[in-house]
Protein chains: 2
Amino acid sequence: MKNQERSLRHESRLNQMLSRVRDRHFRLTPQRMAILQILANSEEHPTVEDIYQQVKTRFPTTSLATVYKTIALLKELDEVLELGFPDGSNRYDGNRPYPHPHAICTKCKKIMDPEISSVDELSEEMRQKTGYTISFHRLDFFGLCPECQDKP
Amino acid sequence: MKNQERSLRHESRLNQMLSRVRDRHFRLTPQRMAILQILANSEEHPTVEDIYQQVKTRFPTTSLATVYKTIALLKELDEVLELGFPDGSNRYDGNRPYPHPHAICTKCKKIMDPEISSVDELSEEMRQKTGYTISFHRLDFFGLCPECQDKP
DNA sequence: TCCTTTGCAGATAACGGTTATCAAGAAATA
DNA sequence: TATTTCTTGATAACCGTTATCTGCAAAGGA
């Protein structure tokens, strides 16, 4: 079952996050736990505002600052991937916290994470032609998702 | 001679920009002309502030707003490529105003534009695996440029 | 040539997501 | 229990960009 697989992966991601937080002796407050769960469980690359709204359903007094600070913590631990956009509409990926290509719908903003084979070759080609030592990348492909192609 | 080739390319780019501006019946003010020249002549992917400082050497009363408005005009004409970054350090490419891969030095911020062969294949692979209709992309590779590798 | 219209330049206020600051509270440590 | 350290929540500050407005200058028509 696909949903079972996903559930297992999410649980595994949460455990990974939790052990990293504990290993570095950061405190595991209820607010942090809630934010970690949201990030581990979401496939939708949520915004800070999305996360903030979700946390508030469980902890209504949570501040936006807490969300920002928890995300900063996870970035430091390399447990979340930040997809920053110039217009400020940043998104977060707690499931695959390493650089990978994205397909981004220019209309509904849905983001997909396909497995792509030839990224390493491309990275190597960049290294050869520029002399740069490539350590990470950001690969975004923009267009219309299948749903938005149908309804114009 | 490499410099001659580059000079010719820059001149050709400037002419291209000028005719686009004229075709659409936008006025060619001295400030606009200066900004177009800067963009056509620069290989360094300047920031708005860079452009602003350069224009002011010729027209000291130029306003930042004029730089922003001229860039907005060129974006509308697809005659400049905006490389927006989430931290606000945006850069502009007046020489190659179409999507292409960049190598970006994380230390000195130097940007290179190598010719890469396999971008179309990658785009096609994205299309196949996501169902998105890819219309443009943004491909950034980050690392240390040759100069910054030498001096630690 | 004069006049009207339109567009542009310059100055500055407003905007908005993020970061910094700080007081109050809670958890760890002694 | 006392003390230290960390975290939360609220809000001010930040800063590149955008919006607004006034005055000016070029284009086009009588």
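Quick note: numbers below take in every heavy atom, side chains included, and nothing from hydrogens, waters or symmetry partners. Order of the sequence lines fixes the chain letters, A, B, ..., with proteins taken first and strands second; residue numbering starts at 1 for each chain.
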Within the structure, does a side-chain N or O atom of [X] lie under 4.0 Å from either OP1 or OP2 of [N]?
X       : N      : answer
A/Asn90 : C/dT18 : yes
A/Thr61 : D/dG9  : yes
B/Tyr68 : D/dT17 : yes
B/Thr29 : C/dA9  : yes

What is the separation between atom [atom1] on [X] and atom [atom2] on [N], rounded to the nearest whole Å?
X       : N      : atom1 : atom2 : answer
A/Glu82 : C/dG17 : CD    : P     : 15 Å
A/Lys56 : D/dT8  : NZ    : P     : 16 Å
A/Ile51 : C/dG17 : CD1   : P     : 15 Å
B/Gln31 : D/dC24 : CD    : P     : 15 Å
B/Leu83 : D/dT17 : CG    : C1'   : 17 Å
B/Phe26 : C/dT6  : CZ    : C1'   : 13 Å
A/Arg24 : D/dT5  : CZ    : P     : 19 Å
B/Met33 : C/dC8  : CE    : P     : 15 Å

Only counting residues at least two apart or in another chain, list the ones meeting side-chain hydrogen bond (donor to acceptor under 3.5 Å, both in side chains) with B/Thr133.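 B/Thr133: no side-chain hydrogen bond (donor to acceptor under 3.5 Å, both in side chains) contacts found.
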Do the side-chain N and O atoms of [X] and [Y] include a donor-acceptor pair separated by under 3.5 angstrom?
X        : Y        : value
A/Ser12  : A/Asn15  : no
B/Thr47  : B/Asp50  : yes
A/Glu121 : B/Ser118 : no

Applying ring pair (Phe, Tyr, Trp, His ring centres under 6.0 Å), run through A/His100 and A/His137 and close with a yes or a no. CA-CA 8 Å; A/His100 60 278; A/His137 58 253; 8.6 Å; no
Reported CE-to-CD1 distance for the pair B/Met126 and A/Ile104, which is rounded to 0.5 angstrom: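 Reported value, rounded in 0.5 Å steps: 8.5 Å.
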Nearest heavy atom decides the nucleotide; on that basis, is B/Leu64 or A/Lys75 closer to the 5' end of DNA chain C?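 Result of the comparison: B/Leu64.
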NA contact type, [X], heavy-atom cut-off 4.0 Å: base, sugar-phosphate, or nothing?
X       : answer
B/Glu49 : nothing
B/Thr62 : sugar-phosphate
A/Asp87 : nothing

From A/Arg13, A/His10, A/Arg58, residue fulfilling side chain to side chain donor-acceptor pair (under 3.5 Å) relative to A/Gln37: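 Answer to the side chain to side chain donor-acceptor pair (under 3.5 Å) test with A/Gln37 among A/Arg13, A/His10, A/Arg58: A/Arg58.
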Counting side-chain heavy atoms from C-beta on, which of C/dA9, C/dA11, D/dG9 comes nearest to A/Thr66?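 Out of C/dA9, C/dA11, D/dG9, the nucleotide with an atom closest to A/Thr66's side chain is D/dG9.
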Show each protein N/O and nucleotides 21-29 of chain C N/O combination with a separation under 3.5 Å, one pair to a line.
none

